[in-house]
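Quick caveat: nothing in here was measured; it's all calculated off a predicted structure. The analysis underlying the following values was restricted to heavy atoms, covering all of them including side chains, and did not include hydrogens, waters or symmetry mates.
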Amino acid sequence: MKIPILRLGRILLVSIQEDLTDNEAMQFQSDLVNKVAEIEALGVAVDITALDVVDSYMARVINDTASMVRLLGAEVVICGVQPFVAMTLIEMGRDLIGANCTFNLDQGLEQLKTRIATRGDIRFAGDEDE
């Protein structure tokens, strides 16, 4: 299953709707990092609201992907971590260290815009003249 990557100006939006196999997770990571570089994204929001389970491998993929995105110069936020997912990750000794988290996508996009503005980028997500 290929994960769609939506573009909102210079912000990318990814919504993972179901559990991914290891190969699908690696393909998602590669596709997202390449898209960030291709459009010189300023921010990425990864929505995992639909996931009931995030195992240690998927947590590592999310962390690594967030680190890669930041190395390319974009901000990143993970949206919609479910309570059971949060409890399970902590019980497993995993954390989403490489990513800031918000309750929902709306908060995630607001946080991205604030962080982009704070670092001095004036080219916001809605700019059409780029």
Check the hydrophobic clustering (I, L, V, M, F, W, Y; side-chain heavy atoms under 4.5 Å; chains of links allowed) and say if Val77 and Leu6 are grouped together. yes
Going from CE on Met58 to CG on Asp19, what distance comes out if it is rounded to the nearest 0.5 angstrom? 8.5 Å
Apply side chain to side chain contact (heavy atoms under 4.5 Å, CB included) to residues Leu12 and Val36 and explain how you reach the verdict. CA-CA 8 Å; Leu12 297 176; Val36 167; 3.7 Å; yes
To check you understand the geometry: which heavy-atom pair defines the closest contact between Thr65 and Leu32, and what is its length? CG2-CD2, 3.7 Å
Given 3.5 Å as the limit, does a donor-acceptor pair link the side chain of Ser67 with the main chain of Asn63, or not? yes
Before you tell me yes or no, could you show the steps for Val46 and Ile16 under side chain to side chain contact (heavy atoms under 4.5 Å, CB included), namely the whole-Å CA-CA distance, both residues' side-chain angles and the distance that decides it to 0.1 Å? CA-CA 7 Å; Val46 179; Ile16 301 174; 4.1 Å; yes
Nearest heavy-atom approach of Gln29 to Val61 is NE2-O, 3.5 Å
Locate the shortest heavy-atom distance separating Ala50 from Gln17; write the atom from each residue and the value. CB-O, 3.6 Å
Which atom pair, heavy atoms only, marks the closest approach of Val54 to Leu89? O-CD2, 3.6 Å
Side-chain touch Asp47/Val14, heavy atoms, less than 4.5 angstrom: no
Which value, rounded to the nearest 0.5 Å, describes the distance between Asp64 atom CG and Met68 atom CE? 5.0 Å
Approximate separation, where rounding is to 0.5 Å, of Glu75 CD and Thr118 OG1: 8.5 Å
For Leu20 and Phe28, the nearest pair of non-hydrogen atoms, with its separation, is CD1-CB, 4.4 Å
Under a 4.0 Å N-O cut-off, is there an ion pair linking Lys2 with Glu24? no
Using side chain to side chain contact (heavy atoms under 4.5 Å, CB included), reason through Arg70 and Val76 one step at a time and then give a plain yes or no. CA-CA 7 Å; Arg70 280 198 322 277; Val76 63; 4.1 Å; yes
Rounding to 0.5 Å, atoms CZ (Arg7) and CD (Glu38) come to a distance of 8.0 Å
Shortest non-hydrogen contact between Ala74 and Gly43, atoms and distance: CB-N, 4.0 Å
Using only atom types and a distance under 3.5 Å, with no angle test, would you say the side chain of Gln82 pairs donor to acceptor with the backbone of Thr49? yes
Asp31 and Gln27 side chains, donor-acceptor separation under 3.5 Å: yes
Under 3.5 Å, sequence neighbours excluded: what are the donor-acceptor pairs made by side chains of residues 104-112?
unit_1: Asn104; atom_1: OD1; unit_2: Asp106; atom_2: N; d: 3.2
unit_1: Asn104; atom_1: OD1; unit_2: Gln107; atom_2: N; d: 2.8
unit_1: Gln107; atom_1: OE1; unit_2: Phe103; atom_2: N; d: 3.1
unit_1: Gln111; atom_1: OE1; unit_2: Arg115; atom_2: NH1; d: 3.0

In Å, rounded to the nearest 0.5 Å, how long is the span from CD1 of Ile48 to SG of Cys101? 7.0 Å
